[in-house]
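For reference, the structure discussed in these notes is given below.
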Number of protein chains: 2
Amino acid sequence: MKQQGKKKATIYDLSVLSGSSASTVSAVLNGTWRKRRIKESTAELIQNLAEQHQYTANLQARGLRNSRSGLVGLLLPVHDNRYFSSMAQTFEAQVRSHGKCPVVVSASRDPQEELATVATLISYSIDELFIAGATDPDSVHTLCEAAGIRHINIDLPGTKAPSVISDNYQGARMLTQAIIKRFDDSAAPLRPEELFLFGGRNDHASRERIKGFRDIKTEMLGQNSVACIQPTGYSPNMTQKAFEAFYEREGKLPRGLFINSSINFEGLLRFMAQHPHETFADLVVGCYDYDPFGSFLPFPVIMIRQDSESMLAKAFELIEEARPAVKIHLIQPELVHPRTALKGPLDSIRDIDA
Amino acid sequence: MKQQGKKKATIYDLSVLSGSSASTVSAVLNGTWRKRRIKESTAELIQNLAEQHQYTANLQARGLRNSRSGLVGLLLPVHDNRYFSSMAQTFEAQVRSHGKCPVVVSASRDPQEELATVATLISYSIDELFIAGATDPDSVHTLCEAAGIRHINIDLPGTKAPSVISDNYQGARMLTQAIIKRFDDSAAPLRPEELFLFGGRNDHASRERIKGFRDIKTEMLGQNSVACIQPTGYSPNMTQKAFEAFYEREGKLPRGLFINSSINFEGLLRFMAQHPHETFADLVVGCYDYDPFGSFLPFPVIMIRQDSESMLAKAFELIEEARPAVKIHLIQPELVHPRTALKGPLDSIRDIDA
DNA sequence: CTTTTTTGCACAATCGATGGTGCAAATAAT
DNA sequence: ATTATTTGCACCATCGATTGTGCAAAAAAG
């Protein structure tokens, strides 16, 4: 009703008001009161008081006592791209539906920062940690292990905790194949030296994708030169420079382009800003990531949508197990043809339409 | 060195190991030891022990004692779009640089969920809250107020706490003007009934944008009919339906399209997926939001980049003030011409290039 | 060699919630 | 009316860190 002073009501306040002991109040308000054989009328009295005084439990106190916090963490490399932000969105919904509180943090793909961030989360006694796209999942594992925190790797696998990742090899094969096929009814079919891969670095995902790319390329086009693979890291800037360098050297872009991630794709955007439309006339891009806007660019863009919903679902399933096997679970990604607008987590949010 | 058992070391463990009292250990490890006149050698001893045993403070315990947590919250409507995810990215960096721990949560633009989420954050004794894009900032204010939590509105203003928002009116004027000008050297200049606004609803931002749109349209094209304004909410799906309905009715799209947000723009994407390229031949889109991929679509897309960095910087400045005035601070957004790839928060992340 | 001052630290209460234990009063069984 | 059960709840220690207070021992002053 009224919010009386400035400070929040505690069980002690309610204890005084109700004439019961603090432990009774506690039991009533955390739902264990039947187990503690509290009279129904007492419970009701206290519940009413709690409501009137807008009582909410101090979760730090509860967490301290329980050495659990109700927090579930998701560690991301970055927020600022559709793959991870949509993962965050899905994660939140999932965690909420389990009655816990989601905490999403990013660590910039920096091993130091990853460890520091996780250490902080552990200090808040988070209950579980989902480690997505960590550069050094095994060190993170060591921290979690020492703190007894259930954890699981997503997107990039570790060797010490169960991992759920997208099937990068298969995905890369699908994507590479789709790029090549796209040229089937073109006047000039794609030659091997016209199909390049840009982006990524020496992480598991990149390696698998490169392998898939190489294998299909060899199968379908008969060969693959290592020169056709340019791991430029995960920065738009370096990727742009790589494109500029290529263009400088060759006077044109490759006709077929496998781009390792949407972040690398942004490097191509930067390149595009510097060059006229015609530069991209005969281009087909395959991007290992899905971005709705990216799908509608002026040239055909084939994308891979990683199934982060399924990855998270599997991860939640595993983390619930008593002693999940330390193995890698592959989730199949989806090939997305050009000019496709997929539904996303936002579609389950109700708006004025609902 | 070794991580001994399973449980984390506490000041009591270190107290025993060092032969000092827990309060001394505490003082040493939280930096207040000079104030407490602890001998330097004692401090060193304890610090070494702490390091050896990988001591980290239990932040819940500290938070309980201090009734502060070191957590700083950012409440978002959704993660899954570039405006908010890049805000999250910037926010994290800022909070980290203040030595605090960022917590980003989303509430789906649902007033109920906003309140529930904030209540949870308050229960964890977060120190400060940045409320971005809340549908009901004033109710959130009431909660924060009652809990004595410093807070500030971003993106959508409230009437009870200081607000930092983008200058939606000016931005909309710039954007509308740019759309119209884009037709200047076209064969047929844009007529008023060819310029529509889609998206948004009855929030402050939408109202301001609609006002800016209407004013410029009247100024430059001589009139504006209310029929040219279609607030479809913030869902891709409803926006798509609105486009379909329009197309059904008119047999074409408007030549000039002001789209209220990138989320609404995704509605246009869905529409695009259903219609051939030609449908968009003579189209100019202005979108009140910036998305790098959106900037490179096959038709001219003029975008407004809201300056979330400046908004956050201003917000941090205000929240630090003792009693900031309850007023609205406007931050100028930036007009982004078609085919422009701006730098973003990711560019300050070092990669293998750094 | 006292008295005063400073140094260095230990003690204990506290933050709010939890849950094991124990004990009266109410009820049931004999 | 007694004894045995059950019901209903209060008491208290505990989680880990913080901080005001107080008190010895060491150093300085006299």
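Values in this document were obtained by computation on a predicted structure and should not be read as measured data.
Here dA26(D) presents its P atom at 17 Å from CD1 of Ile38(B), a figure rounded to the nearest Å. For Trp33(A) and dG8(D), the CH2 to C1' distance is 12 Å, given to the nearest whole Å. Rounded to an integer number of Å, the gap from Lys35(B) NZ to dT7(C) C1' is 18 Å. Per the geometry, CG belonging to Leu45(B) stands 10 Å off P belonging to dC9(C), to the nearest Å. For the pair Ile122(B) CD1 and dG16(C) C1', the computed distance is 17 Å after rounding to whole Å. In this entry the distance linking CZ of Arg68(A) with C1' of dG19(C) reads 14 Å, nearest Å.
Taking the charged nitrogens against the carboxylate oxygens, Arg150(B) and Glu320(B) have no contact shorter than 4.0 Å, which rules out a salt bridge. A salt bridge links Glu113(B) and Arg96(A); the closest N-O separation between the charged side-chain nitrogens and carboxylate oxygens is under 4.0 Å. Lys100(B) and Asp127(B) are joined by a salt bridge, as a carboxylate oxygen and a charged side-chain nitrogen come within less than 4.0 angstrom of each other.
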Practice task
Any chance you could list the contact pattern along nucleotides 11-18 of chain D? Use B for base contacts, S for sugar-phosphate-only contacts and - for none, protein heavy atoms under 4.0 Å, 5' to 3'.
Solution key: B-BBBBBB

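Of the residues near DNA chain D, Ala43(A) and Arg37(B), the one whose nearest nucleotide (by heavy atom distance) lies more toward the 5' end is Ala43(A).
Using cut-offs of 30° and 60° on the angle between ring planes, the pair Phe130(B) and Phe91(B) is perpendicular.
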Handout entry: Stepwise salt bridge (charged side-chain N to carboxylate O under 4.0 Å, His left out) test for Glu145(A) and Lys160(A)
Key = CA-CA 10 Å; Glu145(A) 176 85 329; Lys160(A) 299 169 149 189; over 6 Å; no

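In this structure the side chain of Met87(A) reaches within 4.5 angstrom of the side chain of Leu312(A), judged on heavy atoms.
Using a 4.0 Å heavy-atom distance criterion, Thr32(B) is classed as making no nucleic acid contact.
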